[in-house]
Amino acid sequence: MILLTHGDREYLREPGEELQTDLGVVEIPDDARPGDVLESHLGEEFRVRRLRGPDLFNHLQRTGAPMLPRDIGLVLGETGIAAGDRVLDAGTGTGVLATYMGRVGAEVITYERNPEFAEVARENVRLAGVTDRVEVRTGDLTNEADPSGFDVLTLDTEDAPDVVARAGELLVPGGFLAVYSPFIEATREVVETARGTLSDVRAVETIQRELDVDERGTRPSTGPVGHSGYLVFARNV
Ligand SMILES: C[S@@+](CC[C@H](N)C(=O)[O-])C[C@H]1O[C@@H](n2cnc3c(N)ncnc32)[C@H](O)[C@@H]1O
């Protein structure tokens, strides 16, 4: 899978496919490589790019609201997810978090209880090029008896506390839990549940301010505060 770009426009395509736009038709060669410049039949130039993590957020077909790349960065940084780690994830939703984790080399089992969303997520996993590392299972994680021994457990579901309650059985000693929620009430419930069995429990709000940089000077944007949600991290004893 590659990206074709023209100015601000981006198109996700397979090599060998045809791209049809108002800027003309582009025949994409089977051997298209990053850096190639392809011309449409109207003479417009499109550049070939390799797909990278943030492109998943922008181009995968959306079902459940995907996590922002910056929040995913916090999950990766705070839990230290690395190549070869076994990660249990729910719910898959669009699969942006799951595919990011697969792209850094983690072996991910991700649960999605909505069968139609799970089908879309499997296609997204294919587009992200991580079918060998990310397995989408259709099912409700609160009902699944999973094998234990996960290095990291990542949750982005309303019923996360039900899974957090048995996180100690799912995680290896020293393994990490990361739970994302857009709401304070849910975050409090996760913290209180995690305190029952896990250590190093802490919650953070994730806010990011854009900078306006122009000829008059540089200052934080006066646009909306960049709140996205809350993350709870904890560690198995
Ligand atoms: C907000 S989305 C997750 C987005 C995902 N983290 C991403 O980055 O694309 C939440 C998804 O969890 C699914 N879900 C909710 N509770 C679940 C459960 N107990 N087991 C499995 N999936 C669940 C929902 O159907 C929904 O698709």
Side-chain angles (χ1 to χ4, degrees), residues 1 12 51-79 81 85 87-104 106-131 133-147 150 152-167 169-171 176-187 189-190 193-194 204-206 208 226-233:
M1 192 57 58
L12 192 61
L51 195 70
R52 297 189 61 84
D55 301 317
L56 306 174
F57 180 81
N58 292 328
H59 292 286
L60 294 185
Q61 184 183 333
R62 289 192 182 188
T63 54
M67 277 176 70
L68 289 175
R70 74 162 193 253
D71 295 332
I72 292 172
L74 279 171
V75 171
L76 297 181
E78 294 287 340
T79 65
I81 288 172
D85 276 356
V87 180
L88 178 61
D89 173 66
T92 317
T94 300
V96 172
L97 174 62
T99 52
Y100 250 94
M101 296 190 293
R103 283 177 56 86
V104 300
E107 307 284 333
V108 183
I109 295 176
T110 176
Y111 278 88
E112 173 53 58
R113 67 182 176 191
N114 181 316
E116 288 172 17
F117 288 6
E119 267 316 301
V120 172
R122 284 187 194 101
E123 173 61 8
N124 285 344
V125 167
R126 191 188 70 75
L127 294 174
V130 287
T131 46
R133 289 192 291 280
V134 179
E135 180 190 347
V136 180
R137 293 186 181 171
T138 306
D140 186 327
L141 184 56
T142 57
N143 302 331
E144 300 288 334
D146 259 282
F150 291 98
V152 181
L153 170 61
T154 55
L155 301 171
D156 182 3
T157 66
E158 288 171 13
D159 53 15
D162 294 343
V163 182
V164 172
R166 59 189 176 98
E169 301 155 25
L170 298 168
L171 289 168
F176 275 95
L177 165 75
V179 184
Y180 176 84
S181 172
F183 300 114
I184 283 191
E185 292 86 349
T187 300
E189 198 181 343
V190 167
T193 309
V204 298
E205 177 177 14
T206 87
Q208 182 171 295
H227 165 88
S228 52
Y230 305 93
L231 278 162
V232 177
F233 299 104

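Counting starts at 1 for both ligands and their atoms, following the listed order.
The distance from ligand 1 to the heavy atoms of Tyr111 drops below 4.0 Å at these ligand atoms: 21 (C), 22 (N). For ligand 1 and Thr157, the ligand atoms under 4.0 Å from any heavy atom of the residue are 12 (O), 14 (N), 15 (C), 16 (N), 17 (C), 23 (C). In the vicinity of Gly139, heavy-atom distances shorter than 4.0 Å reach the ligand 1 atoms 20 (N), 21 (C). With ligand atoms numbered from 1 in the order given, ligand 1 contributes 27 (O) to contacts under 4.0 Å with heavy atoms of Phe117. Those atoms of ligand 1 with a heavy atom of Thr94 less than 4.0 angstrom away are 9 (O). Listed by atom number, the atoms of ligand 1 under 4.0 Å from Pro66 heavy atoms are 7 (C), 8 (O), 9 (O).
At the shortest separation from atom 10 (C) of ligand 1 among protein heavy atoms lies Asp156 O, 3.2 Å. Summary of contacts: the protein heavy atom closest to atom 12 (O) of ligand 1 is Gly91 CA, 3.3 Å. Among all non-hydrogen protein atoms, the one lying nearest atom 20 (N) of ligand 1 is Leu141 N, 3.0 Å. Counting protein heavy atoms only, atom 18 (C) of ligand 1 is closest to Asp140 OD1, 3.5 Å. Protein heavy atom in closest approach to atom 13 (C) of ligand 1: Glu112 OE1, 3.4 Å. From the protein, the heavy atom lying nearest to atom 22 (N) of ligand 1 is Arg113 N, 3.2 Å.
Considering backbone and side-chain atoms together, Val96 places an N or O closer than 3.5 Å to an N or O of ligand 1. Below 3.5 Å of separation, one finds an N or O of Gly95 facing an N or O of ligand 1. The shortest N/O to N/O separation between Met67 and ligand 1 falls below 3.5 Å.
The parts of Leu97 lying near ligand 1 are both backbone and side chain, judged by heavy-atom distances below 4.0 Å. The part of Thr92 lying near ligand 1 is the backbone, judged by heavy-atom distances below 4.0 Å. For Ala65, every heavy-atom contact with ligand 1 shorter than 4.0 Å involves the backbone, none the side chain.
Going from atom CG of Leu88 over to atom CZ of Arg137 covers 8.5 Å, rounded to the nearest 0.5 Å. Note that CG of Leu177 is 9.0 Å distant from CZ of Phe233, once rounded to the nearest 0.5 Å. Rounding to the nearest 0.5 Å places CZ of Phe150 at 11.0 Å from CD of Glu107.
The main-chain N or O of Tyr111 is found under 3.5 Å from a side-chain atom of Thr92 such that the two form a donor-acceptor pair. For Thr110 (side chain) and Ala90 (main-chain N/O), no donor-acceptor pair under 3.5 Å exists by modelled atom type. Remark: the backbone N or O of Phe57 is paired with a side-chain donor or acceptor of Arg62 at under 3.5 angstrom. The closest donor-acceptor contact from the side chain of Arg122 to the backbone of Val136 lies under 3.5 Å. With hydrogens and angles disregarded, no donor-acceptor distance shorter than 3.5 Å links the side chain of Asn124 to the backbone of Val96. A distance-only check finds a donor-acceptor pair linking the side chain of Thr157 to the backbone of Ala160 [under 3.5 Å]. Glu112 places a side-chain N or O within donor-acceptor distance of the main-chain N or O of Gly93, the cut-off being under 3.5 Å.
Summarising the local packing, CD of Glu123 is surrounded by more than 12 heavy atoms from other residues, nucleotides or ligands at distances under 6.0 Å.
Remark: distances from the non-hydrogen atoms of Thr63 to ligand 1 are all 4.0 Å or more. Under a 4.0 Å heavy-atom criterion, Ala98 is not in contact with ligand 1.
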**Asked** Can you check side-chain hydrogen bond (donor to acceptor under 3.5 Å, both in side chains) on Asp162 and Thr142, steps first, answer last?
**Response** CA-CA 6 Å; Asp162 294 343; Thr142 57; 5.4 Å; no

